[in-house]
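Okay, so here's the structure we're looking at.
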2 protein chains.
Amino acid sequence: MKSGPTIQDIAAAAGVSKSTVSLVLQQSPKIRAETAEKVREAARALGYVYNRGAATLRGRRSTTIGMVINDLTNPFFVELLVAIERVLAQSGYTTLMAHTAEDLEMQTRVLQSMREQNVAGLVMSPALGTPDSLPAEIRSWGIPLVLVMRPMGTDVDTIGVDNFVGFQLATEHLIEQGHTRIAFAGNRAGYTVATQRRQGYLKAMADHGLKVDPRWIIDVELTPEGGRQAVRAIFDLASPPTAVVCYNDQVAFGVLRELDRMGKRAGKALAVVGCDNVVASEHTNPPLTTLSAGADTLGTIASETLLSRLEESAHNEQPIMQYFAKPKLVVRESSTGPAQ
Amino acid sequence: MKSGPTIQDIAAAAGVSKSTVSLVLQQSPKIRAETAEKVREAARALGYVYNRGAATLRGRRSTTIGMVINDLTNPFFVELLVAIERVLAQSGYTTLMAHTAEDLEMQTRVLQSMREQNVAGLVMSPALGTPDSLPAEIRSWGIPLVLVMRPMGTDVDTIGVDNFVGFQLATEHLIEQGHTRIAFAGNRAGYTVATQRRQGYLKAMADHGLKVDPRWIIDVELTPEGGRQAVRAIFDLASPPTAVVCYNDQVAFGVLRELDRMGKRAGKALAVVGCDNVVASEHTNPPLTTLSAGADTLGTIASETLLSRLEESAHNEQPIMQYFAKPKLVVRESSTGPAQ
DNA sequence: CTGAAAGCGCTTACAG
DNA sequence: CTGAAAGCGCTTACAG
């Protein structure tokens with residue numbers, strides 16, 4: 001860190017005061033055009049770089065936003081992150097990113113670090129097992145928080161998907177294809193999102209008068225390896241299901257892989273539906289039918305929710321935002337077989 | 001941003017001076033243990049949060065590292081990012097992340113923003129078409145720079161892979177399987193990394209006395225869609241190649257997909273090798289043979305290179321680091337067929 | 001081992 | 001429309 005010219009140096013070069021330089025840099029209309037031009041010229045000539053840290057300290061408002069993500073190995077979150085970063089950058093904010101890898105201790109460290117860095121706001125997808133009290137704690141720090149994908153009560157701005165409706169949709173699609181024995185892969189006990197998804201599945205089954213064998217509801221890790229286990233569990237049954245709804249695309253990828261290894265074809269031996277519509281789902285063999293929440297749209301809404309919180313004053317507080325997008329089903333070969 | 005207690009408040013509560021509090025927070029051995037404990041207790045009681053921005057301003061050294069990545073949709077870079085972040089966090093640094101999406105204007109903006117944020121150092125995978133002068137320019141800013149994956153001359157610390165050796169290896173593996181007509185998918189004119197990879201491929205072919213039809217060297221986008229085009233180009237030839245070396249796993253995914261669509265099986269109709277060993281390469285159908293550079297190792301080395309630059313003084317400058325890992329070939333079914 | 005003082009680079013009322 | 005002055009929260013020589 002060698003320290004370059006400061007506004008003081010510009011002021012001297014342009015023959016004005018520090019205050020004037022500062023106002024010019026903030027594009028203040030209070031400064032005459034010629035003066036402003038003279039100042040900008042001097043700044044350019046000196047190779048001036050604005051010191052945002054000093055401005056934050058003095059001005060008491062920061063332009064960095066913290067983004068805490070639980071799982072960057074899931075491409076859906078990468079797409080979400082990219083979308084959020086894009087919108088925030090357009091509004092002049094810098095994104096401080098952190099990855100918790102579903103580790104609560106890491107999450108605590110990361111949040112601490114973000115406080116120390118003086119973030120103006122926080123977008124967060126909480127790690128599994130995050131205590132329900134965390135949103136209230138963050139609020140007590142005076143940092144606006146928007147939760148993404150993983151709801152934690154109704155007191156905090158939340159952007160996510162309607163998992164119940166989505167999994168109902170996915171299950172009904174399989175029922176329409178003539179399936180009556182449908183499994184659910186990726187149930188995780190005590191995990192809100194998994195519960196919502198399971199209940200959407202159960203609702204669709206019940207609505208169509210289909211019985212569900214408890215062994216069809218398979219608790220596996222939410223990874224490709226989990227998906228492979230699920231397939232083995234399914235074909236271990238005396239009369240195995242003919243279709244499976246997977247917790248997400250990662251699980252579905254494992255399902256497709258294990259089917260292939262067994263010499264079976266997804267869509268024929270077992271109809272498969274995923275969730276997230278990650279880019280790779282279009283390129284699997286066969287291509288994966290999956291629920292699309294639109295990472296791009298969700299990221300945009302999340303950013304905009306946070307931005308409007310940052311702009312609001314004490315008098316014009318807006319109501320809590322709870323937005324759950326209705327997913328769409330993108331039908332590909334894994335659920336229909338090559339015939340269609 | 002509500003402003004909490006400062007070291008001044010702690011000093012008052014603990015009955016010591018500001019200086020003492022500051023020293024305690026820096027774990028200075030100059031302070032007696034009892035005094036330190038008293039100060040820490042007061043800080044805890046007041047709910048104190050360290051203001052890193054103020055410290056940076058006064059101390060003239062920053063603890064944030066900028067990380068500029070060209071393509072987060074490629075999971076390899078995500079793995080790299082995660083590794084780098086982990087190592088830097090262990091050394092007390094915070095990572096400021098930015099994604100350029102191969103856009104030069106975006107890259108310029110992002111670098112500007114990082115300068116304003118006072119980053120102590122920069123890890124960067126430059127966007128395609130970055131001018132050769134950029135590393136020198138960044139050096140002139142006084143910010144240490146480590147390049148990852150994409151070399152730009154020998155004057156700057158660079159961590160990457162030996163693409164030449166890697167693609168030689170990949171091609172030789174296919175030759176050992178009995179292939180003599182081998183294509184290269186993902187040549188991009190004027191792109192250093194693509195050139196290195198192509199030359200590794202050509203070397204292996206030449207070493208084994210195999211001729212290369214120019215139409216086997218296929219220039220496509222470095223995406224799954226590019227891979228699909230490559231397959232169509234291959235089977236349009238009168239006597240098509242029986243194997244293909246792909247620029248990276250993304251391209252290979254498209255190749256596998258298009259083969260499947262044509263009712264052909266990778267490993268039988270066409271042997272396929274990728275590069276990067278991204279997590280998903282293990283879960284394709286069939287699983288993908290690919291070059292592994294070890295994102296984790298590379299990320300660790302890159303971070304450590306940067307950290308040692310940050311610690312060095314003017315007197316003990318270390319030589320430029322140019323580290324190119326020899327990739328390993330992970331052999332899976334896409335290059336051997338199910339027989340093996 | 002601890003305290004008083006200066007100052008990092010900026011912004012923001014307050015005068016004029 | 002512009003300038004002089006105070007101060008954001010911290011660190012770092014310098015005394016003692």
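We name chains A, B, ... by the order of the sequence lines, and we start the count at 1 in each one. These values consider heavy atoms only, across backbone and side chains, with no hydrogens, waters or symmetry-generated copies.
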(request) Give a yes/no answer on whether the side chain of Ser22(A) brings an N or O atom under 4.0 Å of OP1 or OP2 in dC10(C). (result) no
(message) Within the 4.0 Å heavy-atom criterion, would you say Thr6(B) contacts the bases, only the backbone, or no part of the nucleic acid?
(response) sugar-phosphate
(request) Please check if any side-chain donor atom of Thr297(A) sits under 3.5 Å from a side-chain acceptor atom of Thr300(A), or the reverse. (result) no
(message) How many whole angstroms separate atom CG of Asp9(A) from atom P of dC8(C)?
(response) 11 Å
(message) Quick check on dT11(D): is either OP1 or OP2 less than 4.0 Å from any side-chain nitrogen or oxygen of Ser19(B)?
(response) no
(message) Looking at Glu312(A) and Arg309(A), is any side-chain nitrogen of the basic one under 4.0 Å from a carboxylate oxygen of the acidic one?
(response) yes
(request) Starting from P on dG7(D), measure out to CG on Leu57(A) and report it in whole angstrom. (result) 14 Å
(message) Looking only at the side chains, is there a donor atom on one of Gln112(B) and Thr108(B) sitting less than 3.5 Å from an acceptor on the other?
(response) no
(request) Check the distance between dG7(D)'s C1' and Asn51(B)'s CG and give it to me in whole angstrom. (result) 14 Å
(message) Does dC10(C) have its OP1 or OP2 closer than 4.0 Å to a side-chain nitrogen or oxygen of Arg52(A)?
(response) no
(request) Starting from C1' on dC8(D), measure out to NZ on Lys18(B) and report it in whole angstrom. (result) 11 Å
(request) Kindly point out which of dT2(D), dC10(D), dG3(C) is positioned nearest to the side chain of Lys30(A)? (result) dT2(D)
(request) Tell whether Arg58(B) reaches the base of dG7(C) with its side chain through a donor-acceptor pair below 3.5 angstrom. (result) yes
(request) Tell which nucleotide pairs with dA4(D), taking only Watson-Crick or G-U wobble pairs whose two distances are both under 3.5 angstrom. (result) none
(request) Determine, for Arg150(B) against Glu102(B), whether the closest basic-nitrogen to carboxylate-oxygen distance falls under 4.0 angstrom. (result) yes
(message) Quick check on dT2(D): is either OP1 or OP2 less than 4.0 Å from any side-chain nitrogen or oxygen of Ser17(A)?
(response) no
(request) Please state how far atom CD1 in Ile10(A) lies from atom C1' in dG9(C), giving the value in whole angstrom units. (result) 11 Å
(request) Considering just the side-chain nitrogens and oxygens of Gln26(B), establish if one lies under 4.0 Å of OP1 or OP2 belonging to dT12(D). (result) yes
(message) Rounded to whole Å, please give me the gap between CG in Leu25(B) and P in dG9(D).
(response) 15 Å
(message) How many whole angstroms separate atom CG of Asn118(A) from atom P of dT11(C)?
(response) 15 Å
(message) Measuring to OP1 and OP2 of dC10(C), would you say a side-chain N or O of Arg61(A) lies under 4.0 angstrom away?
(response) no
(message) Under a 3.5 Å threshold, yes or no: a donor from one side chain and an acceptor from the other, between Thr64(B) and Gln117(B)?
(response) no
(request) Would you kindly give the CZ-to-C1' distance between Arg32(A) and dG3(D), to the nearest whole Å? (result) 14 Å
(message) As a test of reading the structure: which of dT11(C), dT12(C), dG9(D) is closest to the side chain of Leu23(A), going by heavy atoms?
(response) dT12(C)
